[in-house]
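These notes are about the structure you will find just below.
As the structure is a prediction and not an experimental result, all values here were calculated from the model.
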Protein chains: 2
Amino acid sequence: MASASTRHNIIEIADDLFYRGGFEATSFADIAVKAGISRGNFYYYFKTKDEILDAVIDRRLQRTRAMLDGWEAQAPKPRERIVAFIELLIANRAPIMAHGCPVGTLCAELAKLDHVHQERAAEIFGLFAHWLEKQFRVLGADEAAREWALHVLAWSQGVASLATAFKDEEFIRREVADITGWLDGRIASLSN
Amino acid sequence: MASASTRHNIIEIADDLFYRGGFEATSFADIAVKAGISRGNFYYYFKTKDEILDAVIDRRLQRTRAMLDGWEAQAPKPRERIVAFIELLIANRAPIMAHGCPVGTLCAELAKLDHVHQERAAEIFGLFAHWLEKQFRVLGADEAAREWALHVLAWSQGVASLATAFKDEEFIRREVADITGWLDGRIASLSN
DNA sequence: GTCTATACGAAGATAGAC
DNA sequence: GTCTATCTTCGTATAGAC
């Protein structure tokens with residue numbers, strides 16, 4: 001297999017395993033086996049575990065940007081874009097109930113490990129926050145845009161957190177409806 | 001040192017280390033060193049890592065019950081009791097920004113490890129949920145009590161999650177004010 | 001109940017052959 | 001670029017002396 005695609009393959013598998021089992025609990029051997037390469041070959045691409053974490057965070061940043069861009073392209077109205085974000089909770093309900101939110105759980109784990117890449121992982125949250133803020137600005141919420149963006153983000157994080165603990169799909173749907181209701185209330189308040 | 005107090009001491013230290021560094025990342029050696037005993041002696045009290053996790057979860061359940069009972073004893077009005085819960089985010093802001101919410105992060109980690117004690121850890125959330133529900137019932141919210149309880153719990157979890165990622169104290173204070181505002185809005189809606 | 005010594009395996013990481 | 005072999009450290013866990 002060519003160098004670039006093997007490297008890409010490793011990152012893809014590491015991303016998945018880090019999400020499902022956690023960063024620390026995932027070993028090089030786990031990744032190598034799933035990637036179909038030897039541990040020795042693995043080290044040709046990544047010298048340390050931190051290096052692969054770095055690459056995984058890069059990938060997640062890239063994919064998050066692509067997803068946010070996609071929502072902007074698909075939905076012309078900010079409200080529908082924000083709803084697309086909120087409904088991610090429903091679309092990903094099965095993995096969320098099993099493994100939590102990929103961003104929140106990575107940030108939490110890296111915080112406990114006091115890991116150097118802590119801030120880089122938090123940047124993924126930063127992308128969402130900034131994007132949501134932008135949508136609220138387009139809606140006309142100048143001063144409150146940042147606050148509302150963080151509020152939606154926090155709320156969805158809380159739903160993911162409890163959904164992981166209780167494995168309750170109905171709870172997710174109810175909260176998603178509530179967040180959407182809150183959003184429409186905010187939008188309505190802007191036209192007054 | 002007597003048996004009971006050594007055992008208690010181990011649990012106390014394990015609880016703290018599990019919170020600050022995570023369950024998996026904390027080794028027996030870490031606990032033994034901090035407890036001032038040898039690893040060999042450690043095994044006299046706990047045969048496996050799961051056994052000590054079990055004891056730590058027990059301790060957390062007990063302490064959570066005691067805290068909830070304390071709030072009920074100190075505040076006669078349900079509103080003030082719920083506010084006491086919400087303001088836990090402010091009281092514990094420093095450790096939350098450094099290590100997250102003890103309950104949420106433990107549940108998330110155990111979910112990733114697919115650990116047998118996953119449900120037992122979630123029981124701690126259950127205690128909070130049940131207690132909050134009870135307070136809302138006293139306020140007269142019969143049908144909505146459960147939903148509101150889970151809502152407050154989820155919201156506070158989300159705040160803890162983002163606070164850990166962004167290390168933003170102002171954000172915590174703002175959200176706590178928002179949750180309290182939401183609470184008063186719900187209470188006001190009950191008298192109509 | 002507490003200790004030291006030690007077995008055993010897993011995980012990160014390296015060396016060097018092909 | 002990919003492999004096998006190996007080193008080293010660390011973590012769980014046990015045995016047995018005191």
Side-chain angles (χ1 to χ4, degrees), chain A residues 1-58 106 109-110 112-118 120-121, chain B residues 1-57 59 106 109-110 112-118 120-121:
Chain A
M1 195 181 280
S3 173
S5 77
T6 299
R7 190 187 151 86
H8 183 268
N9 194 233
I10 291 173
I11 297 171
E12 201 175 298
I13 284 160
D15 190 347
D16 182 53
L17 291 178
F18 286 175
Y19 171 47
R20 298 203 314 213
F23 169 65
E24 253 230 316
T26 302
S27 71
F28 280 13
D30 293 335
I31 303 170
V33 165
K34 260 212 140 186
I37 60 169
S38 69
R39 255 175 303 170
N41 191 10
F42 187 100
Y43 280 90
Y44 173 78
Y45 294 98
F46 299 98
K47 300 288 167 243
T48 68
K49 211 180 179 184
D50 287 359
E51 270 183 41
I52 187 157
L53 174 61
D54 203 48
V56 165
I57 294 174
D58 273 342
L106 180 64
E109 184 177 3
L110 296 186
K112 292 214 191 262
L113 297 175
D114 203 13
H115 199 283
V116 282
H117 290 342
Q118 218 178 133
R120 296 210 57 230
Chain B
M1 193 181 281
S3 173
S5 77
T6 300
R7 190 188 151 86
H8 183 269
N9 193 233
I10 291 173
I11 297 171
E12 200 174 299
I13 283 160
D15 190 348
D16 182 53
L17 291 178
F18 286 176
Y19 171 48
R20 297 205 313 216
F23 169 65
E24 254 231 314
T26 302
S27 71
F28 282 12
D30 294 334
I31 303 170
V33 165
K34 261 212 139 184
I37 60 169
S38 68
R39 256 175 302 172
N41 191 11
F42 187 100
Y43 279 92
Y44 173 77
Y45 293 99
F46 298 98
K47 301 287 166 244
T48 68
K49 212 178 177 185
D50 286 1
E51 269 183 41
I52 186 155
L53 174 62
D54 203 48
V56 166
I57 293 174
R59 176 182 150 93
L106 181 64
E109 184 177 2
L110 296 186
K112 290 212 193 266
L113 297 175
D114 203 14
H115 199 284
V116 282
H117 290 341
Q118 219 177 133
R120 294 208 59 229

Atom NZ of K49(A) and atom C1' of dT9(D): how far apart are they, to the nearest Å?
15 Å
Verify, without hydrogens or angle tests, whether D16(A) (side chain) and I13(A) (backbone) share a donor-acceptor contact under 3.5 angstrom.
no
Would you indicate which nucleotide in dC3(C), dC3(D), dA13(D) comes nearest to any side-chain atom of N41(B)?
dC3(C)
Think T6(B) has a side-chain N or O under 4.0 angstrom from the OP1 or OP2 of dT2(C)?
yes
Touch check for S38(A), heavy atoms < 4.0 angstrom, all strands: base, sugar-phosphate only, or nothing?
base
Would you say D50(A) and F23(A) make side-chain contact, with heavy atoms under 4.5 Å?
yes
Nearest-angstrom distance from the residue atom OH of Y43(A) to P of dT2(D):
17 Å
In whole Å, I'd like the distance from the OH atom of Y44(B) to the C1' atom of dT4(C).
18 Å
Scan side-chain atoms only and decide if S27(A) and D30(A) contain a donor-acceptor pair under the 3.5 Å cut-off.
yes
Write down the distance between CG (D50(A)) and C1' (dA13(C)), rounded to a whole number of angstrom.
13 Å
For a quick test of reading the model, state the closest non-hydrogen atom pair linking T48(B) to F28(B) and the distance between them.
C-CZ, 3.7 Å
In whole angstroms, how far is the P atom of dC3(C) from the CZ atom of F28(B)?
16 Å
Output the rounded distance in Å from NZ (K47(A)) to P (dA13(C)).
11 Å
Rounded to whole Å, please give me the gap between CZ in R39(A) and P in dG12(C).
9 Å
Spacing between N9(A) atom CG and dT2(D) atom P, to the nearest angstrom
11 Å
